[in-house]
Amino acid sequence: MPFKPVSSKTNFPELERDILRWWKETDAFNKLRKLRAGGKTWSFVDGPITANNPMGVHHAWGRTYKDIFQRYRAMQGFDERWQNGFDCQGLWVEVNVEKDLGFKSKRDIEAYGLAPFVVLCKQRVLNYSAVQTEQSVRLGYWMDWNDTNTLRMLSEKLGENPNQMLTVQGPQGPVTGTVEQIVGQLGLPQLGGSYYTFSDENNYQIWGFIKKCADNGWLYKGTDVMPWCARCGTGVSEHEISTEDYPDLTHTSITARFPLRGRANEYLLVWTTTPWTLTSNVAVAVGPELTYVKVKQGDDVYYLSEGTVKMLKGAYEILGRLKGAEMEGWTYNGPFDELPAQQTVGGYAPAELRNHIGNAQTSAVQAHRVILWKDVGDAEGTGLVHIAPGCGAEDFHLGKEFGLPVVAPIDENGTFIENFSAFSGMSAFEVAPKVIESLTQKNYLYRADDYSHRYPTCWRCKTELLFRLVDEWFISMGETYDKPRAQLKQAEKARSLRYQIMDVVDQIKWVPQFGYDREMDWLRLMHDWMISKKRYWGLALPIWECVECGHFNVIGSRDELQARAVEGWNKFDGHTPHRPFIDEVKIKCEKCGGKVTRIKDVGNPWLDAGIVTMSTMGYRTDRAYWEKWYPADFITESFPGQFRNWFYSVLAMGTAVTGQPPFKALMGYGTLFAEDGRPMHKSLGNAIEFNEAADNIGADVMRWMFARTRYETNMLFGYHVADETRRMFLLPLWNVYSFFVTYANLDKWTPDRRPPTADRNQLDRWILARLQSLIAEMTPLLDGYDSPSAARAVEPFIDDLSNWYLRRSRRRFWKSEDDGDKQAAYATLYEVLVTLTKLLAPFIPFVAEAMYQNLVRSVDANAPESVHHTNWPSVDEAKFDKQLLADMAIARSVVNLGHSIRAAKAIKVRQPLGRAIVVADAAQRESLTHLRDLAADELNVHAVEYAAREEELVSYQLRPNFATLNEKVKVLVPEPETDDKQIKKDAREKRKAVMGGLTTALNAADASQVAATVRAGSSFTLDVNGLAIEIAPADVLVTPQPKPGFAVASEGTLVVALDTNLTAELVAEGLAREFVRRVQDLRKSANYDIADHIRVFYTATPKLASAIETWREYISGETLADEMQASAAPAGAASVEDGFDGEKLTVALVKK
RNA sequence: AGCCCGCUAGCUCAACGGUUAGAGCGCCGCUCUUAUAAGGCGUCGGUUCCGGGUUCGAAUCCCGGGCGGGCUACCA
């Protein structure tokens, strides 16, 4: 047996585990790398996955694309880097470690100790990178994976003692160092494997980038009021907050009344949704152009904007109107003037921020007044805006503009600092009731209501953000110029990184196209990049800020740091550049010579991910290697968030450092949802874990689902879709393969028996032509990163192969004589299947490998060892017979029409008919001529003929082709060049009459005659409302209409009729086929092998018995019956009784 | 709040301003089959989101509105 038997029922997940084992045993991946080494390069850069949790099915989506395109390029002979990446540093890891330890705040971390805390962060990353590595391998994702035992060993030893010495084997030899040092080198050339963004190289490379920014004058320390997470104790930059982080939340909104100084019983009505900020009120803003009203309620007089009077409680009387500008400078008593902080001259803030609140000469209490602000609206509230420069971003900027003091009430935990009396020590989240109570007591409260609005939350821990005064580090994105980009001068661009990135973005292919617009949108609007985080685990920002002179020293490399170190180098040396050890190093200030300490902040994690196109390709260490692989040819990641995150940081850093695009093409994909259209959530019960999906669905089915989905839209993932995918795609493919192996083994067919293509029949040449068209279609699609279109091209091919080629060819494989035709059938099906394994290898690597091993390797030891080592198929023009493809399309239409007539007339296919009559144009006749026998057989008719007198079968319907006639009518009835309504109306009427007249005139014409004229390619003249219009063949649509009462069906210009006259001979033939059918059913239900010969016993009513006698030879041939007797069966025979067409039958079989 | 995309059969989606708005899936009926939980044929299924307009002619173009998704901004 040349091939290993293949069951039509197979367990795909089990098959995949077998293949995984075999890939490992044969080292298939590394052999591929060696095969392609030195070839032309194709550079893929992996966007790092956060190694913080097991990977989900949504990760498998993107990783499927990454694998598809890397495998595809490898099959085209390209050399690749095959490096996966893990994102390691940052708050997401810290938060999980805190959770594991049960920590509540940053103080807990400091008490625990930074050094052991950082070790735990590293360990978590190592452990989950091992988990994700194993899951990726299970997906069939080929990369230069680390040995996961080594990763877990490193994690364990790091936990024991990071300073113990260790030697591990690298690709270029053994590497020795402390465990901490070894871990710091993961992914670098000496150790290989996935890159880790916590590696020394990655960190020092970012130092170089930040130094470059500082040299360009782009790095600055800024004071601002920014969103702050009180739980994490750090500022949150706008890069990090996305639309989903603004849920609808309900807070208490307060309308307070501020008594005007010098106007007895008159009050400003001021509205806020953040009660805690009232403690820090400094001013009230009004819109200068807005209209305000002075209203009276009881003894009190209020000011508010005219558009908001509906918020007043109860009856009121309008005393007057005024513009906001008229209120400028009015002074008032603030709601919390009794607080010492309010009374402090120059404002008030936490100690570490005192230097950052400016130098106002008054206290908040003294400063209380009405200021003008053009952005004040009156859609809600009162049209008078409470201004607290220490608690709001806009407020802060207004404060600067107007020289107002700043009152900043909370510390990094969101707790009120001292000098806020009873509020001191309270959390900003819990003071609202106390604020209301105090206002009520002082008679300042006008109303308090529940108010629902969108409010920002922390993207990591979902805590509500507070607006807080901070000092953070920024990279300036440069000015936004108020003119089109094309008009910018070179010098203007040189000053603005923003525009330099835009120029780079222009050079990149964005798939889908709208990605370009979104990135541009972000670049146009983005603010400066806040790169600092007041946390512990992450990039140590290389900024040493001098407390003496205020100068900040930026260090660009480890060597530079060593050269400038004046203290603590020995405590740091031998460690990775992380806290706490890096903080030991003090340097000499380059300006004043003072001893300087590093700022405490760590870096934004998108710095870590953004630098990888340089750090992983040896930008600093091996420039030749970097030149070879930079820029990347391709990256692909999920859209949400990445325009402001990874795409952005890679672009920004690539542009700043090299001025070149960091990648040439980007493919983005959407968001994965559960089958019910909702996000996957454990609590909703619709989540599917990756491991569970791999076990139940199998990786190949999952991959095909990902490959064929429209990447630019969201995807619905679930077991029903998966099941349908297996049923509609993978099973038919597998069954064709199983069919081939079963019969090829029976016939002991081997691939060396291949008749020349020219000697094969039409069906063979057709499926081979179809195969060429598939290759021709898929290749450019994959070149353009269009995975769904490429995958969707395969599906109809599988259908053609299974339900047309194979169904029509089956008999050729069964027949007993081993002739050239049978060889042709085997050779053809074999070629198609082997080519398919290659075309499908990037998509479904397991099934493709299983088929390839059995079909190719089992018979040819010289063939490439794995399907993934083979070359991508190219089109064989000699086999690409386009005429044959067109011919078959016509033949299949004829067959479809014939089947449809049979159904309509209730004549089953098993009943042979005399002839099918076809009405067709010349080209269709030409096509059909070659395939008449095939059509006749499929339709079960004795002959396919062409109609002698078409008029007997069809009448013709004529319709004008408006698409072409439109132009002619425009010339005959031109659009008048006048404004005269009457003339225009007349023209319109006339055109309408002509257009309508065309239909009328054609209906009146002799349809048969016009049809004949048009078919002959001649024109004729039609009189339409007195206009003589020349009608070309293209101007008229001729549709044949089957005449009622005949067995006729039509599709476009093709018409098929069936001769339904049933002669006695035809009836007998039909009965014989019914008999065969019963015997075959019986063979199957008795579990006979397809090759078993049998003896048949039967009793039948006379008409049937006579038919059986007449067709004895045919029946014997079809059923492998060596004997056929009209007698009772011997005991034990398989038998069945049945009745059909008015006849009765008992039939029994015995295996011979 | 602004912008972008979408809204067509139960579901997923087609249809250069052109004629009778089509496929696939699902349902149901019939049928074919010694590879197939398969295949073939057919029935049922439509206010093309709503309302105006332009046009001889609108699912398609324009205006207004509704719903869904996305992006961006976030404000008292």
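Hydrogens, waters and symmetry mates are skipped; everything else that's a heavy atom, side chains included, is used. Letters go in sequence order (proteins before strands), and every chain restarts at 1.
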(message) For nucleotides 34-42 of chain B, give me one character per nucleotide, 5' to 3': B if any protein heavy atom sits under 4.0 Å from the base, S if the only such contacts are to the sugar-phosphate, - if neither.
(response) BBBSSSSSS

(request) Could you work out which one of B:U19, B:A76, B:U72 sits closest to the side chain of A:Pro960? (result) B:U19

(message) If you compare all heavy atoms of A:His251 against all heavy atoms of A:Thr273, which two are closest, and at what distance to 0.1 Å?
(response) CB-O, 3.9 Å

(request) On the 0 to 90° scale, with breaks at 30° and 60°, tag the A:Tyr743-A:Phe739 ring pair as parallel, tilted or perpendicular. (result) tilted

(request) Pick base, sugar-phosphate or nothing for A:Trp734, based on heavy-atom distances below 4.0 Å to the nucleic acid. (result) nothing

(request) Could you pull out the closest heavy-atom pair between A:Ser280 and A:Pro389, with the gap in Å? (result) O-CD, 4.4 Å

(message) From the set B:C71, B:C74, B:A76, return the single nucleotide nearest to any side-chain atom of A:Val376.
(response) B:A76

(request) Choose from B:C32, B:C75, B:C74 the nucleotide whose nearest atom is closest to any side-chain atom of A:Phe467. (result) B:C75

(message) Side chain of A:Arg518 only, heavy atoms from C-beta on: which candidate in B:C32, B:C71, B:C56 is closest?
(response) B:C71

(message) Please classify the nucleic acid contact of A:Gly392 as base, sugar-phosphate, or nothing, using heavy-atom distances under 4.0 Å.
(response) nothing

(request) Kindly assign one of parallel, tilted or perpendicular to the pair A:Phe643 and A:Phe639, based on the angle between their ring planes and the thresholds 30° and 60°. (result) parallel

(message) Hydrogens and angles aside, do A:Thr274 and A:Thr277 bring a side-chain donor and acceptor to less than 3.5 Å of each other?
(response) yes

(message) Ring-plane angle category for A:Phe740 and A:Tyr830, please: parallel below 30°, perpendicular beyond 60°, tilted otherwise.
(response) tilted

(message) Need one value for A:Arg1073: base, sugar-phosphate or nothing, where a base atom within 4.0 Å counts as base even if backbone is also close, heavy atoms only.
(response) sugar-phosphate

(message) Determine whether a donor-acceptor pair (N or O, by modelled atom type, separation under 3.5 Å) exists between the side chain of A:Thr382 and the backbone of A:Leu384.
(response) yes

(message) When you measure only distances, ignoring hydrogens and angles, does the side chain of A:Asp517 come within 3.5 Å of the base of B:C71 through a donor and an acceptor?
(response) no

Dump the pairs, protein N or O against N or O of nucleotides 12-16 of chain B, anything under 3.5 Å, distances to one decimal.
none

(request) Among B:C74, B:C32, B:C71, find the nucleotide with the atom closest to the side chain of A:Val909. (result) B:C32

